Amino acid sequence: MRKLATLLVLSLSAAPALAQSNAELMANDHYTRSHDYDLVHQRIEVSAFDWDSTSFAGRVTTTLVAERPGLDSLVLDEGALLENTAVSDRRGAALRTSRHGDTLVVFPSAPLAFGDTLVFTVAYRGKVRNGRGLTYITPDGLPHRPRQIWSQGEDMDNHFWFPTWDFPSDKMTWEVVATVPREDMAVSNGRLVSDVTRGSSRTLTWSQDQPSATYLVSLIVAPLVKIHDAWKRVPVDYYVYREDSAKAWPLFHITPDMIDVYSTLTGVPYPWAKYAQTTVADFFGGMENVSATTLIDGLPDARAYRDRPWYPWILIPHELSHQWFGDYVTTVNWANTWLNEGFAEFMPGQYWLTRLGAHTAQDYYLDEYRQYMNIDRRRPMPLASLGSNNIYPKGALVLEMLRDYLGPEPFWASVHRYLEDHAFGVATTDDFRQAVLEATGENLDWFWSEWMYQAGYPKFDVAAAYDSTRHTLTLTVKQTQDSVLPDTAAARPGMPASVRPEASRVRFTVPAVFRMPLVVRVGTAAGDVTQRVEIDAREQTVVVPGVQSAPTMVVFDDGNHVLKSLSFDEPTAWLANQLSRDADLWDRGWAIGQLQKRTADGAAEAALADAAVHADYFLTRVEALEALGDFGPGALPAATAALADTSAAVRGAAVAALGQLGEGSAQAASLARGAWTSDSSYEVRAAAATALIRLDSAGARDVITAALAEPSYGDAIQNAALQAIAQRNDTTFIGAVDQLVGPSRNAVYVLAALGARGSSRALDLLAGHLDDARRAVRGWALQAFQFAMPRPVGLARLRSAVDGLTHPDAKQAVQDAIRQMEAQPGR
Ligand SMILES: [Zn+2]
């Protein structure tokens, strides 16, 4: 699964443990739920979907095997809104049942012996609270939004649409038999067994013949066309709305090549009957349902490829890698979810490494690094822990570090071992360590302790001293990370106390000492000197001999093989030298960050200006331009030159640097105007609009008006204008913004921003959308009142609006929101 927000993980685990260490809880498999049968197979038949009442008819036949002698009751997860009409055994005899909340208990007619098989069928009237288990989408008069339904299981929502064992520890095979309106397609897991149209309906039967986890059962019902592709003899299909047909092939056709690279790297050929990618509305990103990934429906147009669309860069390769990591081998419980998400976030970088080389891979992981630093700043948590906040980026970075440490061949042999040892099964974090041990003979217990079971990363503080008589460079290396974590870290607002990670009273620790080998590189007039160093103490001295002349550059951790932060006060000349010579993008980015602080230093500015134009990878040019933005008019020559760059990202950074010069620079305004009128990239034009609004306040109104009306991929240009309106608090655009509500969701948030700053007209219009004819818009408006303005303002407006609402769902939702907001501590 991939989305921008972090994953909310709920626990069904047992009573809180008393101040145990995270490593103990993980080693003891504390978070895996017990049950007393083995779920073998489910045939899930669904029909009679009704979009108004978010209901359907269901019939699920379950095969399971008793794992307790004398088993007289079977506990399944089943959403309370599913209303059972008959529960019967294989011969049709009725079975007694009882219901408790979201639980179903089935009593077999006679107790089962250990190893006995039971087959029973639950027929039910299905209904969902829209968005839990199934999401029903109505067109609402909005463009690009056909009527549809999609399921979302992870982490434990599939039991809201069919009774099952809703936990990853027990795998099964399954069939999905969906009867849908004849104009619709139903996409599910595995192979398509039959597709029969009768009268006004169509029944499709899908069969998932290899076992996988129940949260990966998937169903999409929508008017879709299939675009067929293949990897070897495996069908690779893209299901999109008819209007998106022409965009599908250019976007998705990279998939077979990705399947090929992943199959080669892991040594496990793509394991499933087919691979489908299906796009749907209002999805949060992507979900790796086994052999049938679900994706959000914003396909790039041809021009959007001038920028770097999210889909091929990370979304498609992330969900695809889950077909191995998550679907083929699955985390045994939600505390080991990094095994799914860390690998899925790591693998795209390996694809880019294989196809485009080291710089592209470093670019990919640098973004993960920055995400991780932002997360860790809020709360350091271990990668392998319940509710961990960093499983995506830290997972990717730790795996990349492990690959560097072991070397590619031992690393991939270990990954292969892990996948083969647990094929179609489940795994713990320690199973992966065991696989490395089996494949390489190396016990990495220390690595797992530092990087998986404890939190944080080494914060290095380095100082250098050169001795010209002994020809040595001495580095004093300190690790300054705080190993005592505050236990008062804030939980997510609204998260029930019982499921907050700290409620389990787990002790999280950060190693006082991270042990890792690394290399120090010292540049001199006569060439570089390198020294391998074993970092293993809180404070240590590293002596590099053979430095014949004064250093011209010192690189601590050459090649950036350790996940770290670095504080190292170096002369500008060293940093400038490193920026022009160091091949590693993290190192370069770090050097740029140091130079950026030296705004009074002409040598720092010159080094950045040089990198902005001449660096051999676009990201370095981008970062140098971003840094130059702090240098005032000195940025102008480099930014001017960079406007002619072949990379749109560099041109965008150049125009943003111009924007930072502010009102008064006619030359900057003229250059930004040129980019706004004629650049071929959406993102550059969006950046140019933003810059121009800042540089030329007299012309700002015209630019905003034009940008609001300008179509672009992801509404990049329109969003730049909306953001400018919010930032300038420009209430003269309220009417124009309101016109965009619906096609644009961001327009809702701009109304909220203006309202929060005192515009009662914006609040009135926004309150009107609480009762909008379009269901989706009603939800957005409510969210804006709830989350996008100070609570007293939002709450007061909701209270005054609630009685006048005519849509029952809206009234209910607003009432619920008022209750929630009243119960929240003030903010
Ligand atoms: Zn994922």
Side-chain angles (χ1 to χ4, degrees), residues 1-10 150-158 167-168 189 212-218 220 252 255 258-259 261-262 265-266 270-272 275-280 283-296 298 310-352 364-365 367-368 371-372 375 381 383-400 415 418-419 422 426-427 429 432 452:
M1 166 150 73
R2 195 167 204 292
K3 54 184 174 181
L4 291 174
T6 47
L7 185 67
L8 177 76
V9 178
L10 302 182
W150 46 261
S151 71
Q152 171 56 28
E154 191 175 14
D155 45 15
M156 294 185 291
D157 274 4
N158 263 347
F167 201 79
N189 320 90
S212 197
T214 55
Y215 73 89
L216 297 167
V217 174
S218 167
I220 292 166
F252 288 119
T255 311
M258 289 178 171
I259 295 177
V261 168
Y262 288 174
L265 288 175
T266 60
Y270 178 81
W272 311 108
Y275 188 55
Q277 292 171 100
T278 307
T279 62
V280 298
F283 207 60
F284 50 77
M287 178 64 208
E288 67 272 20
N289 299 309
V290 58
S291 77
T293 282
T294 308
L295 298 170
I296 190 165
W310 181 51
Y311 285 83
W313 175 242
I314 187 162
L315 187 62
I316 293 171
H318 174 107
E319 304 308 338
L320 176 65
S321 62
H322 273 307
Q323 302 300 319
W324 287 259
F325 304 99
D327 298 1
Y328 186 67
V329 176
T330 305
T331 177
V332 68
N333 60 38
W334 302 115
N336 290 278
T337 306
W338 85 273
L339 289 171
N340 294 8
E341 298 302 344
F343 268 105
E345 199 76 352
F346 164 73
M347 290 297 285
Q350 298 302 301
Y351 176 76
W352 296 119
Y364 178 89
Y365 293 117
D367 187 45
E368 301 294 321
Q371 288 179 40
Y372 169 55
I375 293 169
M381 288 183 79
L383 189 49
S385 65
L386 188 68
S388 175
N389 57 6
N390 56 41
I391 54 177
Y392 293 76
K394 193 180 187 186
L397 295 164
V398 167
L399 288 168
E400 173 64 353
V415 169
Y418 166 73
L419 289 170
H422 307 283
V426 294
T429 299
F432 178 41
M452 317 315 192

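As a basis for the values below, the full set of heavy atoms in this structure was taken, side chains included, without hydrogen atoms, waters or symmetry mates. Each ligand, and each atom within it, is numbered from 1 in the order the structure gives. Position 1 is the first residue of the sequence; numbering continues from there. Just so we're clear, the structure is a prediction, and the values are computed from it rather than from any experiment.
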Chemist: Going by heavy atoms in the side chains, are Met347 and His318 under 4.5 Å from each other?
Modeler: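 Of all side-chain heavy-atom pairs linking His318 with Met347, none is under 4.5 Å.
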Chemist: By residue and atom, what protein N/O/S atoms are less than 2.8 Å from the Zn ion (ligand 1)?
Modeler: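 Metal shell, protein only: Met1 N, Met1 O, His318 NE2, His322 NE2, Glu341 OE1.
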Chemist: Considering residues at least two apart in sequence or located in another chain, which fulfil the side-chain contact (heavy atoms from CB on, under 4.5 Å) criterion with Ile296?
Modeler: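 For Ile296, the residues satisfying side-chain contact (heavy atoms from CB on, under 4.5 Å) (neighbours in sequence not counted) are Phe283, Trp310, Tyr311.
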Chemist: With sequence neighbours excluded, what pairs up with Pro393 under the side-chain contact (heavy atoms from CB on, under 4.5 Å) test?
Modeler: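 Partners of Pro393 by the side-chain contact (heavy atoms from CB on, under 4.5 Å) criterion, ordered by chain and then number, come out as Glu368, Gln371, Tyr372, Ile375.
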Chemist: Side chains of Thr214 and Asn158: is there a donor and an acceptor less than 3.5 Å apart?
Modeler: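 Looking only at side-chain atoms, Asn158 and Thr214 do not form any donor-acceptor pair under 3.5 Å.
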Chemist: Do Asn336 and Thr429 pair up side chain to side chain, a donor and an acceptor below 3.5 Å, judged on atom types alone?
Modeler: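 Checked: Asn336/Thr429 side chains pair up, N/O donor to acceptor below 3.5 Å.
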Chemist: Can you sort out the partners of Tyr215 under side chain to side chain donor-acceptor pair (under 3.5 Å), two or more places apart, ordered by chain and number?
Modeler: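 Here the qualifying residues are Asn340.
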